[in-house]
Colleague: 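One structure follows; several queries about it will come next.
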Amino acid sequence: MEIMRDSDADLWKQIEVSESYLVCSMYEEAASLASSILKCLRYDYNDATQDMLESTAMVLVQAFKELGRTPEILNQLRPHFISVKAIPSRVLLTGACFQIAEGSVFGVQEFLEEFLNGWTLGDAQYSAVIAEANVEHESRHERHFVLGIDMYLEVVEVYAVTLLATVLKDVDLAISWVENASLPEENRQGILRRLQSMHSLKNTILSQTTFPQSPTNNNEAYSLKELNACEGSAKALKGKHRDNQKYRSKEAVPKLSERIETCFWCFRSINLKFGTAKFVISSGKIMLGCLILFIYYVYRKKQHTFKRIVRRQAIAMKRALVDLWRLAFSYQVNPLAAVQPLSAAVRQGQ
């Protein structure tokens, strides 16, 4: 897709179209249009086009992520810029973090090193000079790039602390790079303190895992999974918690069986021998016999109470039947009841 640039306004319209493709989940179209716009802007790097470059490159990065091509993000950015240093720092950080989050760290270390090296720390900013040959116009000229200290330190944070020390576990390399990098001294010391703390923690844990039975670390032994948790790996912490839950649930079964076994130790099988005859009374029969003896004991102990309760129930039932019988036959029919009113009227007339 070729982009004919007549004015900055026309180019902004194309950028908005690429963003619309991205919003509508048309990722192939968004990546294709963004790539064409970046090709158009490759040799036109100035303050006016900086926002265009950042917006378009961000569309390309997100489109590749949604297409499942995250490992290609940084390599796809490289041909659209005259140098890695020309890539907007926010776009670079977004692409690098996408790849690190998905485990695609191959090439990320070299890419970030190439971006960070070659900058000169000046008056509250970093600056770099890139000599670029324009093949189309057969010319060669230098381009000056400027980067704020805060943005540079953000890239250093991702490279040294996140990638080298945390993901790749190479704390020594991270410390060595920070010591030799062109950084403000205050920021250098802050990053070094964090890295040295991670280094001492790692050494302590490794020594404790090497001698797990020593009296000084017997109650404080850490596993490698706990090391990842200390470094911010929430996934390792969650897995550890789930393993502990499974272990506790499995451990509860033998403990319960042991308690039951100790409670019923007296109901084991009994072997009886009378002369040449041998009898084996199982634990089930013993328990059944004990149950029968218990019921008999309770009956003998509460015999009078049981009889009294039964007697009361029988008397109550007898009274209910008698009352029902009396109620059924208490109504008597008088055959002269129909004649009585007439005879009374006759007597009154007389």
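Reckoned from all heavy atoms, side chains included, excluding hydrogens, waters and symmetry mates.
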Colleague: Is the number of heavy atoms from other residues, nucleotides or ligands under 6.0 Å of Arg194 CZ greater than 12?
Modeller: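 Atom CZ in Arg194 is not packed in, count stays at 12 or less.
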
Colleague: Work out which heavy atom in Gln99 is nearest to a heavy atom in Leu74; give both atom names and the distance.
Modeller: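 In this case the closest contact between Gln99 and Leu74 is OE1-N, 3.2 Å.
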
Colleague: Here's a test for you: under side-chain contact (heavy atoms from CB on, under 4.5 Å), which of Leu33, Leu38, Leu11 qualifies with Thr56?
Modeller: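 Only one option passes, and that is Leu38.
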
Colleague: Of the non-hydrogen atoms in Ala160 and Leu195, which two are nearest, and what is the gap between them?
Modeller: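 Here Ala160 and Leu195 meet closest at O-CD2, 4.2 Å.
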
Colleague: Do the non-hydrogen side-chain atoms of Glu154 and Val158 ever get within less than 4.5 Å of each other?
Modeller: no

Colleague: Leu22 and Met26: same hydrophobic cluster, using ILVMFWY side-chain contacts below 4.5 Å?
Modeller: no

Colleague: So with a 6.0 Å cut-off around CD of Glu186, is the heavy-atom count from everything else above 12?
Modeller: no

Colleague: Less than 4.5 Å apart, side chain to side chain, heavy atoms only: is that true for Met58 and Glu19?
Modeller: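 Contact flag for Met58/Glu19 side chains = no.
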
Colleague: If you define the side chain from C-beta out and look only at heavy atoms, does anything of Tyr21 sit under 4.5 Å from Val59?
Modeller: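 Of all side-chain heavy-atom pairs linking Val59 with Tyr21, none is under 4.5 Å.
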
Colleague: Roughly how far, to the nearest 0.5 Å, is CD of Glu16 from OG of Ser55?
Modeller: 9.5 Å

Colleague: Got a sec: does the CZ of Arg188 have more than 12 other heavy atoms crowding it under 6.0 Å?
Modeller: yes

Colleague: I'd like to know if Val91 and Leu53 are part of one continuous hydrophobic network [Ile/Leu/Val/Met/Phe/Trp/Tyr, side-chain heavy atoms within less than 4.5 Å].
Modeller: yes

Colleague: Measuring from Ile37:CD1 to His80:NE2, what's the distance to the nearest 0.5 Å?
Modeller: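 Nearest 0.5 Å value for the CD1-NE2 distance: 11.0 Å.
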
Colleague: Taking the side chain as every heavy atom from C-beta outward, state whether Leu112 and Leu92 have any atom pair closer than 4.5 Å.
Modeller: yes

Colleague: Which heavy-atom pair separates Leu77 from Ala57 by the least distance, and what is that distance?
Modeller: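 Answer, listing the atom of Leu77 first, then Ala57: CD2-CB, 4.3 Å.
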
Colleague: Working to the nearest 0.5 Å, report the span between CZ of Arg69 and CG of Asn75.
Modeller: 11.5 Å

Colleague: Please round to the nearest 0.5 Å and tell me the distance separating atom OG of Ser83 and atom CZ of Arg143.
Modeller: 11.0 Å

Colleague: Find out whether Tyr126 and Val146 are in side-chain contact, i.e. whether some heavy atom of one side chain is under 4.5 Å from a heavy atom of the other.
Modeller: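 Heavy-atom side-chain distance check fails, nothing below 4.5 Å.
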
Colleague: With a cut-off of under 6.0 Å to the ring centre and 45° to the axis, is Lys85 in cation-pi contact with Phe145?
Modeller: no

Colleague: Do you know which two heavy atoms are closest between Leu183 and Leu121, and how far apart they sit?
Modeller: C-CD2, 4.2 Å

Colleague: Determine, stepwise, if the pair Thr94 / Lys65 fulfils side chain to side chain contact (heavy atoms under 4.5 Å, CB included).
Modeller: CA-CA 11 Å; Thr94 303; Lys65 179 182 183 301; over 6 Å; no

Colleague: Taking everything shown except Glu28 itself, do over 12 heavy atoms lie less than 6.0 Å from its CD?
Modeller: no

Colleague: Hey, is the main chain of Ile15 close enough, under 3.5 Å, to the side chain of Ser18 for a donor-acceptor pair?
Modeller: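 A pair under 3.5 Å: yes.
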
Colleague: Could you tell me whether the side chain of Phe111 reaches within less than 4.5 Å of the side chain of Ile87, counting heavy atoms only?
Modeller: yes

Colleague: Same cluster or not: are Tyr27 and Phe98 linked, directly or through other Ile, Leu, Val, Met, Phe, Trp or Tyr residues, by side-chain heavy atoms under 4.5 angstrom apart?
Modeller: no

Colleague: With rounding to the nearest 0.5 Å, note down the distance linking CD in Glu179 to CD in Gln189.
Modeller: 9.0 Å

Colleague: Testing the basics here: between Ala96 and Val108, what is the closest heavy-atom pair and its distance to 0.1 Å?
Modeller: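 Heavy atoms only, the tightest pair is CB-CG1, 4.3 Å.
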
Colleague: Where the side chain of Ser35 meets the backbone of Ala31, is there a donor-acceptor pair that is under 3.5 Å apart?
Modeller: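 No, the answer is negative, given that no donor and acceptor are paired below the 3.5 Å cut-off.
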
Colleague: With a 4.5 Å cut-off on side-chain heavy atoms, are Arg319 and Ile315 touching?
Modeller: yes

Colleague: If every non-hydrogen atom of Arg42 is compared with every non-hydrogen atom of Phe81, which pair is closest and at what distance?
Modeller: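 Of all heavy-atom pairs spanning Arg42 and Phe81, the closest is NH2-O, 3.3 Å.
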
Colleague: I'd like to know whether Glu66 forms a side-chain hydrogen bond (donor to acceptor under 3.5 Å, both in side chains) with Gln62, so could you lay out the CA-CA distance, the side-chain angles of the two residues, the decisive distance to 0.1 Å, and finally the verdict.
Modeller: CA-CA 6 Å; Glu66 297 298 334; Gln62 295 182 59; over 6 Å; no

Colleague: Between OG of Ser25 and CG of Leu67, what distance do you get to the nearest 0.5 Å?
Modeller: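 Here the interatomic distance stands at 10.5 Å.
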
Colleague: Test side chain to side chain contact (heavy atoms under 4.5 Å, CB included) on Trp12 and Asp51 and set out the steps.
Modeller: CA-CA 10 Å; Trp12 272 116; Asp51 291 339; 4.1 Å; yes

Colleague: What I'd like to find out is whether the side chain of Leu116 reaches to under 4.5 Å of the side chain of Tyr152, using heavy atoms alone.
Modeller: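 Side-chain contact under 4.5 Å: yes.
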
Colleague: Side-chain heavy atoms nearer than 4.5 Å, only ILVMFWY residues, links allowed to pass through others: does that put Leu168 and Tyr159 together?
Modeller: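 Looking at the clustering, Tyr159 is in the same group as Leu168.
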
Colleague: Tell me, with the steps shown, if Thr166 and Met198 meet side chain to side chain contact (heavy atoms under 4.5 Å, CB included).
Modeller: CA-CA 9 Å; Thr166 304; Met198 296 171 64; 3.7 Å; yes

